[in-house]
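Remember, it's a predicted structure, so these values are computed and weren't measured experimentally. The basis for the numbers below is simple: all heavy atoms, side chains too, and nothing from hydrogens, waters or symmetry mates.
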Amino acid sequence: MFTGIIESLGTVKEVRQDQDNLHLTITAAITVELKIDQSVAHNGVCLTVVAIANDSYTVTAIRETIEKTNVGEWKKGDLVNLERAMKLGDRLDGHIVQGHVDQIGICKGVENANGSWYYTFEYDEKLNNLTIEKGSITINGVSLTVVNSRQNQFSVAIIPYTYKHTNFRNFEVGTKINLEFDVIGKYVSRLHQLRN
């Protein structure tokens, strides 16, 4: 379980294919605090640490993860948002994030708002996910508030701190991102489906 508050940025050091799996080696400042078998969210994808060497660690993504997230597109040098699992008893500064990506979205617009930024994203509505105005959404592991919620599109406002400390600064029109919809919104959506 995560909160969507990014702890650190990591850099992809190596991507190695092994049958249907991808072994991803990440260099990050938090490596010294990691342990093998620990869960870490990478752009919102919960992956298990399988090896640690110096300032780098390795995680493995299986086919299911590759098919449902943007992990398969990562390459050497890419920046990745990182968050370790939350501790019981800590403040929940973001919202409840499972680290289980629901689907990929696409950046449709980036608007400079004189000191902040508005990003607009589109997603496939056939997968029955939804956003709620002023509700929560997780984009590449970042907990954010939805603005301009529409049928298959929504926007978020990004403050300078988030822009500087996450990989949002690299987003442009066409960038594929990982989306985890709010667990409460998923519950409401499922109830609505069952009633109809």
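Taken to the nearest 0.5 Å, the NE2 atom of His100 stands 12.0 Å off from the OG1 atom of Thr138. To the nearest 0.5 Å, atoms CG (Asn170) and CG (Leu79) are separated by 5.5 Å. Summarising the geometry, atom CG belonging to Leu24 is positioned 9.5 Å from atom OH belonging to Tyr57; distances are rounded to the nearest 0.5 Å. Atom CG of Asn167 sits about 5.0 Å away from atom CG of Asn140, to the nearest 0.5 Å.
No donor-acceptor pair under 3.5 Å is formed between the side chain of Gln38 and the backbone N or O of Val49. With Glu122 contributing its side chain and Asn152 its backbone, the two residues share no donor-acceptor pair below 3.5 Å. Counting only distance, with no hydrogens or angles, the side chain of Asp55 and the backbone of Thr31 share no donor-acceptor pair below 3.5 Å. When atom types are taken as modelled, the side chain of Thr166 and the backbone of Thr162 share a donor-acceptor pair closer than 3.5 angstrom. Asn43 places a side-chain N or O within 3.5 Å of a backbone atom of Asn81 that can act as its donor or acceptor partner. In this structure, Gln17 contributes its side chain and Gln19 its backbone to a donor-acceptor pair below 3.5 Å. Not a single donor-acceptor pair under 3.5 Å links the side chain of Asn54 to the backbone N or O of Ser56.
For the 3.5 Å distance criterion, the side chains of Thr3 and Glu83 qualify, holding a donor opposite an acceptor.
Relative ring orientation between Tyr123 and Phe181 is described as perpendicular, the plane-to-plane angle rising above 60° on a 0-90° scale split at 30° and 60°.
Between Ser149 and Val146, the shortest heavy-atom distance links the atoms CB-CG1, 3.7 Å.
Ring-centre distance between Phe2 and His42: not below the 6.0 Å cut-off.
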task = Quick one: do Glu7 and Arg84 satisfy salt bridge (Lys or Arg N to Asp or Glu O under 4.0 Å)? Show the steps, please.
result = CA-CA 7 Å; Glu7 232 180 307; Arg84 290 177 292 168; 2.4 Å; yes
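When each of Tyr161, Tyr163, Tyr119, Trp117 is checked for a ring pair (Phe, Tyr, Trp, His ring centres under 6.0 Å) with Phe168, only Tyr119 meets the rule.
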